[in-house]
2 protein chains.
Amino acid sequence: MNQSSTNAIRPLPDDLAERIDLAAQVFADNGLDATRIEHLAKATGIPRATLYYYFPGKEHILAHLLSRTLRQMTVKLSAAAAEPGTGRERLTRLVREHLVFIGSHGPTYRLLFAELGRAASLVDIAAGVDLAIMAPIREALRDGQRDGSLRVDDIGAATSIVYGAVLITGMQHLLIGSDRQLEDRAAALLDVILSGIGTTPKPRRSR
Amino acid sequence: MNQSSTNAIRPLPDDLAERIDLAAQVFADNGLDATRIEHLAKATGIPRATLYYYFPGKEHILAHLLSRTLRQMTVKLSAAAAEPGTGRERLTRLVREHLVFIGSHGPTYRLLFAELGRAASLVDIAAGVDLAIMAPIREALRDGQRDGSLRVDDIGAATSIVYGAVLITGMQHLLIGSDRQLEDRAAALLDVILSGIGTTPKPRRSR
DNA sequence: ACTAGCTTAGACGTATCGTCCAACCTGGGC
DNA sequence: GCCCAGGTTGGACGATACGTCTAAGCTAGT
């Protein structure tokens, strides 16, 4: 996940770096395999030969896009996690920011998700996901545990659950569309995660 | 999702139906695009020409495998959901069964997961996922809501969350390996979902 | 004006796809 | 026992897309 070094074969000039982002839509629409390099060339305005000059192949272009997105995500989420507050407050912010990010990076995020299942290819993507997404959650949970704002028996399990909940909620938002606002979904999600759905001794705050 | 009609171009003889399952491993290892039809032929012992005799192409073979898995899943999960008990008890069974299923269908489940992100191709897979997975959860939540064994403000949101939690937990189990038993993970997961991770029975204002 | 490196069109060899055909089994009907 | 319909298969085929390569242009710095 270190810069573009693993993806682009040589430093990518700024003007190309901008235009290559247009490839995300193409990948998202067709999937990795059905995407023709020629099509990427047309969509980005970068000639085929130039693409091959900078990237060994199309999957490296995809990897470039994904790791760029992951880096942005790391920045956004770790910023959200770094702000002061209890673990619980930070977790809340994280979930919100994460959903917002999904909402604003639809195509790329879909790709990221699709690639997550692959074991072999694009390995460091998995590492990047852990760094960008899981780590901040884990951190917030741990701190919430310490400062008493959260009750977490099993941090590993809870991390997976939080991530899973955000992921599926986000995907639903992307695929099914925004009949409901993200804010709304985030609130409902947090309510479930914080309060659980078991019958509770006492009424809890609902949104 | 209706039988193999959409995937196999003609009824698949039993002996072939058995051997075609061996293709799952190949797909899981390489991903759809990197899988060579010749490789599938070798792995299953079914000659290339015969594969093309029954399937229009490799992605239809994949679709066949996925929808078969989904059908098994529908059977398993709806059976678990059908057993008597409160909504809460059924939800618990569902989560357990689901995780067990993931554990015993690793390769295919990974594929299913990878394909979920694609919007265009294999569309009815998405519908199948909803039927096999989301629907039983939704049902159990609704019933739990009715019989008072669960407290669910927003069934749609809760369904996504339960599914997300199970999915990621299952994937983690598949990818990272079984350092922990599935039973263990299932228990931790249910604990979080039912009780939440907010600080416990602290009286709150109801709205 | 010269050079080094970026850029690009186009030609090329290779791999894999999906199609097609002709030959080969095999089992049921007569 | 013979015949035919339909399943089965090897191998050849054209098409497509890949990734490589070359050579010609185009800069920008010296």
- Message: Just to verify, what does A:R19 make a salt bridge (charged side-chain N to carboxylate O under 4.0 Å, His left out) with, not counting sequence neighbours?
- Response: none
- Note on the structure: B:H60 NE2 to C:dG18 P, in whole Å, measures 9 Å
- Message: Can you pull out the residues from residues 35-43 of chain A that lie within a 4.0 Å heavy-atom distance of DNA chain D?
- Response: A:T35, A:R36, A:I37
Tabulate below the donor-acceptor pairs under 3.5 Å that side-chain atoms of residues 100-107 of chain B make, not counting sequence neighbours, or state none.
residue: B:S104; atom: OG; partner: B:V100; partner atom: O; Å: 3.2
residue: B:S104; atom: OG; partner: B:F101; partner atom: O; Å: 3.2
residue: B:H105; atom: ND1; partner: B:F101; partner atom: O; Å: 3.3
residue: B:H105; atom: NE2; partner: B:Q72; partner atom: OE1; Å: 3.0

- Over how many whole Å does the gap from A:I61 atom CD1 to D:dC18 atom P extend? 10 Å
Interface polar pairs with nucleotides 28-30 of chain D, N/O, under 3.5 angstrom:
none

- Note on the structure: With sequence neighbours left out, the residues meeting salt bridge (charged side-chain N to carboxylate O under 4.0 Å, His left out) with B:E97 are none
- Note on the structure: Sorted by chain and number, sequence neighbours left out, salt bridge (charged side-chain N to carboxylate O under 4.0 Å, His left out) with A:R36 holds for none
Anything under 3.5 Å between a protein N or O and an N or O of nucleotides 5-13 of chain C, put it in a table, one pair a line.
residue: C:dC6; atom: OP2; partner: A:Y53; partner atom: OH; Å: 2.8
residue: C:dT7; atom: OP2; partner: A:Y54; partner atom: OH; Å: 2.2
residue: C:dT8; atom: OP2; partner: A:T50; partner atom: OG1; Å: 2.5
residue: C:dA11; atom: N6; partner: A:R48; partner atom: NH2; Å: 3.4

- Message: My understanding is that only residues two or more places apart in sequence, or in another chain, count here; which of them pass side-chain contact (heavy atoms from CB on, under 4.5 Å) with B:E89?
- Response: B:T86
- Query: Can you list the residues that meet the side-chain contact (heavy atoms from CB on, under 4.5 Å) rule with B:P13, with sequence neighbours excluded?
  - Reply: B:D15, B:L16, B:Y54
- Whole angstrom value for the distance that separates C1' of C:dT16 from CG of A:D33: 13 Å
- Query: Partners of A:D147 by salt bridge (charged side-chain N to carboxylate O under 4.0 Å, His left out), sequence neighbours excluded?
  - Reply: none
- Contacts of A:T169 meeting side-chain hydrogen bond (donor to acceptor under 3.5 Å, both in side chains) (sequence neighbours excluded), chain-then-number -> none
- B:Y52 OH - C:dT16 P separation (whole Å): 12 Å
- Query: Is it true that a side-chain atom of B:T44 and a backbone atom of B:A23 form a donor plus acceptor pair closer than 3.5 Å?
  - Reply: no
- Message: Which residues pass the side-chain hydrogen bond (donor to acceptor under 3.5 Å, both in side chains) test with B:T159, not counting sequence neighbours?
- Response: none
